[in-house]
Amino acid sequence: MEKTINFIPIDYDYFDFNGKNYAKIVGRMENGKRACIIDECDVYFWAVLKEKVSDNKIDETRKKIEKIKIKNKLRESEVLKTEIHEKNFLGKKVKAIKIFITNYKDARDFADKITFHEIDKRREFDLGFITRYILEKKLKPLNWYEIKGEPLIDEFGVNNLEADICLKVNSIKKIDKEAFIPRVLAYDIETDEFEIGKGHILMISIVGENFKKVLTWKGKTKANVEKFNDESEMLEKFVEYVKIYNPDILTGYFSDGFDLPYLKARAEKNNIKLALGIDNSQPSFKRSRMLIGRINGIVHIDLFRFIKTTYSQYLQSETLGLNEVASELLGERKTEWQHIPSSKISEEKWEEYFEYCLNDSILTYKLAEKLWPDLLEFTKIIQEPLFDVSRYSMSNQVESYIIHNTDKFDEIIEKKPLNKEIGERLEEGKYEGAYVLQPIPGLYEGLVFFDFTSMYGSVIVTFNLSKSSFLEKKEPDSLEVNIGKKVFFSKKPAFFPEMLKEIIEKRKKFKEEYNKNPTPILKARSNAFKLLTNAAYGYQGFFGARYYCREAAASTAALARKEIKETISFIEKNGYKVIYADTDSIAFLKENKNKKEILELLKKINSALPGIMELDLEDFFKRGIWVTKRTGEFGAKKKYALIDEKDKMRIRGFETVRRDWCDLSRETQNKILELILKNGNEKKSVEYLKEVVRKIKSRQVDLNEIIIKTQLKKSIEDYKSISPHVTIAKKMKEKNLPVKIGMLIEYYIAESSDKKALVRERAKALDESGKYDIDYYLKHQILPAVENIFEVFKVDVNELFDGKRQKKLGEF
DNA sequence: GTACACTACATACC
DNA sequence: ACTGGTATGTAGTGTAC
């Protein structure tokens with residue numbers, strides 16, 4: 001008996017049954033109950049025919065293809081049928097054979113066997129089944145559908161599923177329904193060893209809506225804390241609570257790489273099953289570059305990964321740890337907790353530890369709520385499952401967007417590059433990128449900043465730069481670009497620039513909508529299109545891209561250079577003095593002109609700009625300072641400080657904004673820049689500097705002011721050059737402290753009897769006692785940060801740092 | 001023994 | 001190797017004088 005449900009697909013999976021592929025999709029119905037639907041779809045790929053193959057030959061080829069069989073240990077696959085279609089491929093009309101097969105996993109093997117002379121290319125054999133399913137059936141994640149289907153009782157093993165209804169799909173119809181709010185459960189674990197599975201899990205916190213718990217087998221029971229006899233009982237209860245809460249999303253912070261694999265490892269050790277899946281399966285892990293943890297029927301989201309890959313560019317945070325990210329996005333910090341061996345934790349201290357653990361889950365839960373609009377919008381726009389979108393890199397997001405938007409263009413999808421092709425692409429080396437104007441150092445009064453809106457994106461659209469419009473040789477009415485050699489692009493609109501044009505238009509539309517009606521959803525939607533726009537250029541220059549086109553990327557940069565240089569000349573021709581420019585922004589002196597005149601200039605520039613290119617007024621600034629490089633007397637690029645008419649500072653490139661400088665030099669430089677920009681001269685800042693120097697020399701500076709933090713970017717053994725932070729990392733490892741790739745190594749530079757000692761030999765971890773090296777902090781932390789600023793005013797601060805006086809002090 | 005060029009590395013800008 | 005190139009600047013290292 002056919003049943004009808006309203007359904008929102010959340011988690012996508014597939015399985016094989018009798019050699020065929022089936023999609024298994026878990027979601028919710030409007031009453032909040034869980035449903036699972038099972039569906040099949042055509043599985044096929046394309047064989048693109050060479051030009052001018054006769055119909056007879058095509059028929060022969062089809063027959064040959066239809067006879068191909070693939071036999072392996074698991075199954076026997078065959079070609080079900082073939083069809084001939086007129087399609088587009090990279091800007092050309094082509095004839096292609098659509099080859100329907102029984103199992104998508106064998107597509108590549110089939111493709112490898114189709115080597116007939118009449119066939120030019122094979123494509124779309126490298127799409128995942130879920131992607132193919134979503135493309136074919138248009139059952140897009142996190143949209144509402146009316147599903148008609150036959151209830152399943154025990155077919156396909158669905159009787160083991162914790163779902164209220166299971167249907168074998170007959171029909172799918174998109175319907176309009178209001179926003180969906182998922183059931184989210186956040187979790188966090190605390191362990192006594194950092195290495196996965198090595199120690200015990202001391203406690204697990206879980207937080208959902210009106211749901212807060214800490215499970216432990218340590219300390220004492222209290223409100224929200226449940227104590228168990230051992231780790232094993234605690235783990236079993238954790239699974240039980242997840243089942244009771246019945247979440248759509250289970251989320252952690254860095255849980256792909258830590259919490260989930262740790263839980264699984266400890267469950268194994270305790271001989272229990274971590275049956276979190278709705279089919280009672282255990283989490284499974286895939287190792288690509290990093291570990292990825294999947295739970296059947298529940299979307300496991302590692303918020304750290306989503307933030308790192310797609311969200312971090314909005315953030316100011318210097319690290320992407322939970323503490324900094326939560327404090328920036330939520331205005332809340334982690335609870336204080338000093339990690340000590342669990343054997344040394346006293347009764348009262350356990351309570352603090354529970355609080356700490358619970359708070360991590362609370363923050364994670366709140367972050368999930370905060371980021372939900374972004375996750376939702378990204379998923380709906382990219383059209384891949386939430387699980388994948390929350391982990392995709394930007395190039396992956398762009399590529400998936402393309403894949404799910406090719407049907408409008410009737411395009412056959414390009415294949416992923418093979419390793420050999422990637423090698424070749426990498427060998428081509430870099431191409432010339434953006435233009436940066438060399439500034440003349442000085443303090444300037446009254447500045448205007450213009451910038452191009454989505455410059456590279458608008459260049460790609462305006463000049464139609466892409467793999468499909470790239471021409472092997474010059475053609476009539478083609479665009480010629482010099483990228484070291486001459487390359488040509490067709491003017492016939494190609495699908496990549498067309499798609500990007502649409503993305504840019506949507507971004508504009510949703511931004512306007514957001515300005516009228518500022519909801520988080522509209523903001524997320526507009527941001528998603530902005531991110532896609534910004535990533536499109538990098539995508540075409542990325543060696544791993546299906547639509548990689550070095551010539552298009554290099555031409556985008558070349559044309560952007562041309563446009564900004566012409567704009568600079570134009571501004572200068574209109575009597576303005578241009579101070580600085582970088583890639584898509586131009587700074588010039590306002591002089592005695594008023595805002596209206598500046599806007600008129602802008603209008604004049606815009607009327608002459610080609611295509612959809614557009615220059616925008618970014619802001620006016622009261623003052624700005626540019627300094628020299630430390631080596632040589634030229635103005636430094638990418639380093640300047642501004643103050644706007646509301647006295648708000650904007651500092652770029654200076655040590656102040658670099659996390660690998662100690663707070664003392666960052667704060668000193670920041671204060672000095674502030675005093676100069678506010679007062680218009682250096683007088684007060686000299687006094688300020690003198691005071692800082694005096695403090696350093698008289699050892700009045702606190703340890704936390706002089707800590708230098710440097711990231712460990714690879715494993716210790718891989719370093720060819722042993723710098724201070726690597727030395728400290730080594731020492732930490734010897735002391736059995738956790739040393740992981742990506743962590744910030746903290747140290748300070750101490751005095752040493754050996755004056756010739758290298759910096760790394762003087763570097764000390766924070767718990768090592770020592771006197772800070774006055775000379776080092778003066779000459780290597782403060783002086784470099786301020787010297788060039790004072791040089792602008794012809795003030796030589798070197799005498800303040802005189803080494804002799806400092807030595808005298810030390811002798812006392 | 002020191003000055004200098006060079007490499008390795010980290011981090012920022014857009 | 002998992003978006004692009006441009007740029008500054010420190011510390012370590014090898015070499016010329």
Side-chain angles (χ1 to χ4, degrees), chain A residues 288-290 308-310 313 318 391-399 416-417 419 422-423 425-426 429-439 451-452 454-457 460 531-550 552-554 556-558 560-561 564 580-586 618 627-632 634-640 650-661 665 708-714 718-727 744-745 749 756 758-763 776 779-781 784-785 787-788:
Chain A
S288 51
R289 206 160 30 105
M290 270 181 284
K308 192 180 166 192
T309 50
T310 62
Q313 47 186 300
E318 281 170 14
R391 287 169 177 79
Y392 273 173
S393 65
M394 272 325 284
S395 67
N396 258 319
Q397 312 273 29
V398 173
E399 193 152 283
K416 277 193 214 153
N419 280 341
I422 289 180
R425 290 174 179 187
L426 285 170
K430 286 189 169 187
Y431 55 85
E432 190 181 344
Y435 169 72
V436 189
L437 185 142
Q438 178 117 51
D451 63 2
F452 285 90
S454 322
M455 188 185 217
Y456 283 179
I460 292 170
L531 284 178
L532 281 178
T533 308
N534 292 342
Y537 156 74
Y539 174 80
Q540 292 204 98
F542 167 49
F543 54 76
R546 287 175 193 255
Y547 292 95
Y548 170 80
C549 183
R550 190 178 183 274
T556 307
R561 286 196 302 274
I564 195 169
Y580 184 62
D582 184 350
T583 314
D584 59 357
S585 69
I586 304 169
E618 148 113 71
V627 302
T628 54
K629 295 207 288 180
R630 262 177 77 68
T631 49
F634 294 112
K637 298 172 177 180
K638 301 191 184 286
K639 245 183 134 167
Y640 58 90
R650 188 165 105 175
I651 299 179
R652 293 288 127 96
F654 275 110
E655 283 75 0
T656 300
V657 297
R658 295 181 60 96
R659 68 168 182 203
D660 55 347
W661 285 73
S665 46
I708 298 164
K709 299 174 190 171
T710 315
Q711 192 182 25
L712 193 72
K713 310 236 337 165
K714 47 189 174 187
D718 291 345
Y719 279 91
K720 286 182 198 161
S721 169
I722 309 301
S723 41
H725 78 291
V726 180
T727 317
L744 285 185
I745 306 293
I749 306 303
K756 286 274 173 297
L758 291 169
V759 178
R760 67 164 176 237
E761 287 156 348
R762 286 178 284 157
Y776 177 84
K779 296 219 178 104
H780 291 261
Q781 287 286 325
E787 192 179 20
N788 303 74

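A note on names: the letters A, B, ... follow the listed sequences, proteins ahead of strands, and every chain is numbered from 1.
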* Is there a donor in the side chain of A:T710 and an acceptor in the side chain of A:D660, or the other way round, less than 3.5 Å apart? -> no
* Asked: Can you find a side chain N or O atom of A:H725 that sits less than 4.0 Å from OP1 or OP2 on B:dA10?
  -> yes
* To do: Identify whether any heavy atom of A:G541 sits under 4.0 Å from a base atom; if not, whether one sits that close to sugar-phosphate; answer base, sugar-phosphate or nothing.
  => sugar-phosphate
* Is A:K629 near enough to C:dT8 that one of its side-chain N or O atoms lies under 4.0 angstrom from OP1 or OP2? -> yes
* To do: Report which part of the nucleic acid A:Y719 touches: base, sugar-phosphate, or nothing (heavy-atom distance under 4.0 Å, all strands).
  => sugar-phosphate
* Asked: Looking at A:S395, does any N or O in its side chain come under 4.0 Å of the phosphate oxygens OP1/OP2 on C:dT3?
  -> yes
* To do: Using a heavy-atom cut-off of under 4.0 Å over every strand shown, decide if A:E432 touches base, sugar-phosphate, or nothing.
  => sugar-phosphate
* Asked: Which part of the nucleic acid, if any, lies within contact of A:Y431, taking any heavy atom under 4.0 Å across all strands shown: a base, the sugar-phosphate backbone alone, or nothing?
  -> sugar-phosphate
* Base, sugar-phosphate, or nothing: which does A:I722 touch, judged by heavy atoms less than 4.0 Å apart? -> sugar-phosphate
* **Candidate pair A:Y547 and A:Q540, rule side chain to side chain contact (heavy atoms under 4.5 Å, CB included), full reasoning** => CA-CA 6 Å; A:Y547 292 95; A:Q540 292 204 98; 5.6 Å; no
* Is the phosphate of B:dC9, meaning OP1 or OP2, less than 4.0 Å from a side-chain N or O of A:S723? -> no
* To do: Ignoring backbone atoms, test whether A:R652 places a side-chain nitrogen or oxygen under 4.0 Å from the OP1 or OP2 oxygen of C:dA7.
  => no
